Amino acid sequence: MAGLLENQVAVITGAGRGIGAAAAKLFAEHGASVVVSDRDAEPAEAVVAEIKDAGGQATSVTGDVTDAAFAEKLIKAAVDTYGKLHILVNNAGYTWDGVIHKMTDQQWQAMLDIHCTAAFRMIRAASPYMRDVAKADKNAGKEPEPRCIVNISSTSGTHGNAGQINYSTAKMGVIGMTKTVAKEWGQFGIRCNAVVFGYIETRLTRPKEEGGKIAVGGQEIALGVPSDMLGFIPMVTALKRPGKPEEAAAGVLLMAAPIASYITGHVLEVTGGFGV
Ligand SMILES: NC(=O)c1ccc[n+]([C@@H]2O[C@H](COP(=O)([O-])OP(=O)(O)OC[C@H]3O[C@@H](n4cnc5c(N)ncnc54)[C@H](O)[C@@H]3O)[C@@H](O)[C@H]2O)c1
């Protein structure tokens, strides 16, 4: 199967690594022109080079989604480059774990900032090119082009997770945001869905003991999941294994593709059957 996104323009945040990078490559394989955005220029440019080498279309825009001015810059760059915007994937994210009684206000706020505020700003920045254009088409009696938003959430949001009160709260917020956009923009034919991941093998889920880190605001934040927990997750997962970024990206494609034209406000679980 190929060509599910012919003539579509997609913006994907956090697309330099992991699930976002896999989604960018898959979208391009299916015919989309992809704006690969990440705070780290080097991996984003490598993804673009890979897409172009394979004959696809892509460009990179570097920036931090928690910077208040970045959303408008990114969306404008996408429209300046490709003329339109059909798909927005709010994927950029990280974890900053801690138990409730030791969690700082900064730690709490950082998760709301990246997973909720940044995604909201992206959607608001996209509205002139998605909502307003779709509304004008509707008023002119034209058939709407396919347009949609996919927000990335987590089983930590839908089920809660010890050590992640900040991340869980933010990722559940993403679902409320998704359903609200679906209800507000559905009248213009714009769909909005969330994709929830369980345990997907990326930098975010490497064994914590390996000491993976992300630098945020001059601070080094530990990434990863404790090894004993990583060993336990497959036991409560129907498929008995973690997912690959490419499998996660396939879930994003399922929601983004116009074949899902009557699916909106949905929360798709791409978890290998975690906790079913
Ligand atoms: N891996 C999993 O098991 C899993 C499970 C549930 C949800 N998720 C979610 O999936 C999304 C992607 O995560 P991943 O596992 O691919 O992680 P990853 O670390 O491999 O990739 C995330 C990318 O986002 C970028 N990023 C981080 N902060 C940013 C910022 N402020 N501005 C712009 N870019 C930024 C990083 O540079 C990185 O390239 C995240 O929202 C994450 O919360 C992942």
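Start at 1 and go down the list; that is how both ligands and their atoms are numbered. Please read these numbers as outputs of a predicted model, since none were measured by experiment.
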**Message:** So that I can tick it off, tell me whether Asp40 and Arg17 are bridged by a salt bridge, with the cut-off set at under 4.0 angstrom between side-chain N and carboxylate O.
**Reply:** yes
Is it the side chain (CB and beyond), the backbone, both or neither of [X] that lies under 4.0 Å from ligand 1, heavy atoms counted?
X: Asp40; answer: side chain
X: Ile114; answer: side chain
X: Pro43; answer: neither
X: Thr202; answer: side chain
X: Ile152; answer: side chain
X: Val65; answer: both

Which protein non-hydrogen atom lies closest to [atom], naming both residue and atom, and how far is it?
atom: atom 37 (O) of ligand 1; answer: Asp38 OD1, 2.6 Å
atom: atom 13 (O) of ligand 1; answer: Leu204 CD2, 3.8 Å
atom: atom 31 (N) of ligand 1; answer: Asp64 OD1, 2.7 Å
atom: atom 35 (C) of ligand 1; answer: Arg39 CG, 3.6 Å
atom: atom 24 (O) of ligand 1; answer: Gly14 CA, 3.3 Å
atom: atom 5 (C) of ligand 1; answer: Gly198 O, 3.1 Å
atom: atom 27 (C) of ligand 1; answer: Gly93 O, 3.8 Å

How about [X] and [Y]: do any of their side-chain heavy atoms sit closer than 4.5 Å?
X: Lys244; Y: Ile200; value: no
X: Ile263; Y: Asn193; value: yes
X: Thr95; Y: Leu204; value: yes
X: Cys192; Y: Trp185; value: no

**Item:** Euclidean distance, Met255 CE relative to Thr264 OG1, rounded to 0.5 Å
**Value:** 9.5 Å
With only distance considered, is [X] within less than 3.5 Å of ligand 1 through an N or O on each side?
X: Ile200; value: yes
X: Ile19; value: yes
X: Arg203; value: yes
X: His115; value: no
X: Tyr167; value: yes
X: Ser153; value: no
X: Thr66; value: no

Any donor and acceptor pair, going by atom type alone, linking the side chain of [X] with main-chain N or O of [Y] inside 3.5 Å?
X: Glu209; Y: Pro226; result: no
X: Lys171; Y: Ile152; result: yes
X: Thr237; Y: Leu239; result: no

**Request:** Just say parallel, tilted or perpendicular for the rings of Phe274 and His159, cut-offs at 30° and 60°.
**Result:**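 Plane angle over 60°, so perpendicular.
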Enumerate the atoms of ligand 1 whose separation from the nearest heavy atom of [X] is less than 4.0 angstrom.
X: Gly63; value: 32 (N), 33 (C)
X: Thr205; value: 1 (N), 2 (C), 3 (O)
X: Tyr199; value: 3 (O)
X: Gly18; value: 16 (O), 20 (O)

So is [X] close enough to ligand 1, meaning a heavy atom under 4.0 angstrom away?
X: Phe70; value: no
X: Ser37; value: no
X: Thr13; value: no
X: Pro245; value: no
X: Lys171; value: yes
X: Gly243; value: no

**Prompt:** Taking Tyr129 as the fixed residue, which of Ile75, Val9, Val11 is the one that meets the side chain to side chain contact (heavy atoms under 4.5 Å, CB included) rule?
**Reply:** Ile75
Please name the pair of heavy atoms, one in [X] and one in [Y], separated by the smallest distance, quoted to 0.1 Å.
X: Val36; Y: Ala24; result: CG2-CB, 4.0 Å
X: Gly16; Y: Val47; result: O-CG2, 3.8 Å
X: Met103; Y: Asp97; result: CE-C, 4.5 Å
X: Lys213; Y: Glu220; result: CD-OE1, 3.4 Å
X: Val34; Y: Ala28; result: CG2-N, 3.8 Å

**Message:** Counting only heavy atoms not in Asn7 (residues, nucleotides, ligands), do more than 12 fall under 6.0 Å from its CG?
**Reply:**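 No, because the 6.0 Å sphere around CG of Asn7 holds 12 heavy atoms or fewer from other groups.
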**Message:** Does Asp105 have more than 12 heavy atoms from other residues, nucleotides or ligands lying within 6.0 Å of its CG?
**Reply:** no
**Prompt:** Among Asn91, Val36, Val216, which residue places a heavy atom closest to atom 12 (C) of ligand 1?
**Reply:**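 That would be Asn91.
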